[in-house]
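Heads up: the structure comes next, in structure tokens.
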Amino acid sequence: MKVDAIYTLDGKVPLVKAVPFGLQHILAMFVANITPIIIVAGACGLSAKDMAMIIQCAMIIAGIGTLVQLFPIWKIGSRLPIVMGISFTFVSIACVIGAQYGYGAVMGAVLVGGLVEGVLGLFAKYWMKLVAPIVAATVVTAIGFSLLSVGAASFGGGTGAEDFGSVKNWILGTVTLICCILFNIFAKGFWKQLSVLFGLVVGYVLAVCLGMVDFSTLSGTGVIALPRLVPFKLEFQPSAIVAFILVFLVSATETIGDTSALASSGLGRDVTEKETSGSIACDGFVSAISSLFGCMPITSFSQNVGLVAMTKVVNRFAIATGAVIMIIAGVFPIVGALLATLPSAVLGGCTIMMFGTIVVSGLQMIGKCGYSQRNVTIAALSLSIGLGFTQCPEIFNIFPSLVKTVFAENCVAVVFVSSIILNLVLPKNMDVQ
């Protein structure tokens with residue numbers, strides 16, 4: 001049976017067919033790509049002009065990072081259909097450091113931390129043995145669970161929105177979700193995999209009709225603009241650097257989970273050591289480059305891993321068209337400004353199922369590891385501690401502020417550390433009577 005090229009890594013796909021799939025990936029992550037910047041820039045007291053400039057750079061860096069993942073440079077990149085974007089993982093620590101030392105200190109810490117993660121990625125074969133299959137499977141499951149609240153918040157209109165949970169947001173999110181499901185049911189062939197894009201388009205048109213799209217943000221937007229090198233003076237504060245290195249390690253664990261989930265759900269196989277190493281190296285080194293343009297760290301986007309898991313579309317050329325769209329959106333600010341008008345409720349209607357797909361992928365990976373007493377103990381206890389403790393972050397109050405910043409509300413980090421420790425200390429022969 002002949003497999004459509006869109007479902008293969010290197011299949012030849014016509015541009016007219018590839019672009020919709022690439023655009024679907026970009027629309028699925030666009031709002032999430034710029035939201036961390038808005039939060040951190042606000043905490044650091046940056047001007048609207050600086051914020052717009054950083055958002056512009058974020059699109060370009062995310063596009064470049066995605067291309068490096070798809071088409072590796074030396075050992076940097078995984079050669080997998082991984083879409084890169086600005087990481088939420090660093091928001092908390094960046095806000096704290098930015099408020100204390102200024103945005104320049106954040107950029108200095110990102111530069112050093114990115115280089116550390118990049119080097120660790122290149123030498124992953126020496127330490128990846130610590131990340132046993134059951135550890136990776138548990139982390140993937142945790143990533144899925146951690147994103148459920150993100151999808152729900154988007155469905156309600158976006159965290160902090162004045163009309164959060166309003167009737168209009170419920171209508172937008174519900175109609176978008178139903179359109180995604182119906183399109184997936186009734187569409188034929190590869191068109192079935194464009195259900196998310198269809199839902200986004202219908203939801204957007206409905207939002208325009210309901211007067212929920214703010215086009216005023218387009219006024220005054222420049223036609224073309226190029227990023228500036230080192231727009232903020234880099235400062236190197238030791239405490240900020242140490243904190244960011246720790247969070248970069250957490251980010252690396254998420255990347256391991258995302259890469260494992262993508263290989264498992266999208267390609268139906270286990271991830272290779274080379275792919276994991278290249279993926280982590282890309283995260284680190286491109287994040288270091290990102291800091292030179294005044295931008296936050298980037299990482300693999302779990303939203304897009306969920307999209308691959310749902311559609312099974314893994315073609316590198318198709319995903320690359322999305323990366324090019326991101327770069328164009330950065331060079332031509334009007335493109336990015338237009339994409340930014342997409343209401344959060346529409347995005348939530350599309351992503352809520354994608355995030356659930358990641359949870360299911362993680363559970364399937366746990367199943368492949370086998371339900372031995374040892375594996376069940378590692379998965380069950382790690383998820384209980386990670387998801388449970390971070391639901392009441394006050395439990396971390398006895399720890400130093402640095403520990404609280406890294407772990408108190410990051411269930412993926414807690415699950416990773418817990419599963420690593422359990423995998424090291426639990427006896428290998430637990431099932432032997």
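Note: hydrogens, waters and symmetry copies are ignored here, and every other heavy atom, side chains too, is used. Everything quoted here is computed from the prediction, not taken from an experiment.
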Among S382, C369, P133, which one satisfies side chain to side chain contact (heavy atoms under 4.5 Å, CB included) with T138?
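Answer to the side chain to side chain contact (heavy atoms under 4.5 Å, CB included) test with T138 among S382, C369, P133: S382.
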
Is there a donor-acceptor contact under 3.5 Å from the side chain of [X] to the main chain of [Y]?
| X | Y | result |
| --- | --- | --- |
| S287 | D283 | yes |
| S78 | T276 | no |
| K233 | A105 | no |
| S291 | A288 | yes |
| T259 | T255 | yes |
| Y204 | V213 | no |
| Q69 | G77 | no |
| S419 | F416 | yes |
| S264 | R269 | no |

Between M326 and T66, is the side chain to side chain contact (heavy atoms under 4.5 Å, CB included) condition met? List the steps.
CA-CA 10 Å; M326 278 197 284; T66 302; 3.6 Å; yes

Heavy atoms, side chains only, cut-off 4.5 Å: are [X] and [Y] in contact?
| X | Y | answer |
| --- | --- | --- |
| F285 | V119 | yes |
| I82 | S279 | yes |
| N315 | F21 | no |
| S418 | L381 | no |
| N375 | I366 | no |
| V415 | T141 | no |
| F145 | C411 | no |
| I327 | L67 | yes |

Interatomic distance, [X] atom [atom1] to [Y] atom [atom2] [nearest 0.5 angstrom]:
| X | Y | atom1 | atom2 | answer |
| --- | --- | --- | --- | --- |
| I54 | M107 | CD1 | CE | 7.0 Å |
| C295 | I61 | SG | CD1 | 6.5 Å |
| F155 | F164 | CZ | CZ | 10.5 Å |
| F236 | Y101 | CZ | OH | 15.0 Å |
| D258 | S251 | CG | OG | 9.0 Å |
| N169 | S344 | CG | OG | 8.0 Å |

Do the ring planes of F183 and F198 sit parallel (below 30°), tilted (30 to 60°) or perpendicular (above 60°)?
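Because their plane-to-plane angle is under 30°, the rings of F183 and F198 count as parallel.
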
Nearest heavy-atom pair of [X] and [Y]: which atoms, and what distance?
| X | Y | result |
| --- | --- | --- |
| P343 | M212 | CG-O, 4.1 Å |
| T176 | L172 | OG1-O, 2.7 Å |
| A152 | I352 | N-CD1, 3.7 Å |
| V314 | L9 | O-CD2, 3.5 Å |
| K17 | I6 | CE-CB, 4.5 Å |
| V271 | S260 | CG1-OG, 3.6 Å |

Name all residues meeting the side-chain contact (heavy atoms from CB on, under 4.5 Å) criterion together with V230; count only those two or more places apart in sequence or in a different chain, and write none if there are none.
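side-chain contact (heavy atoms from CB on, under 4.5 Å) check on V230 returns L234.
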
Show, in sequence, the C-alpha distance, side-chain angles and deciding distance for S290 and V110, and conclude whether the side chain to side chain contact (heavy atoms under 4.5 Å, CB included) test is met.
CA-CA 8 Å; S290 179; V110 171; 5.6 Å; no

Within the supplied structure, the quantity of interest is the number of heavy atoms (other residues, nucleotides, ligands) at a distance under 6.0 Å from D163 CG; does it exceed 12?
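Count over threshold, so yes.
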
Walk me through it: do C282 and I298 pass the test side chain to side chain contact (heavy atoms under 4.5 Å, CB included)?
CA-CA 9 Å; C282 180; I298 71 168; 5.9 Å; no

Could you walk me through whether I289 and I64 pass the side chain to side chain contact (heavy atoms under 4.5 Å, CB included) check?
CA-CA 10 Å; I289 294 172; I64 292 172; over 6 Å; no

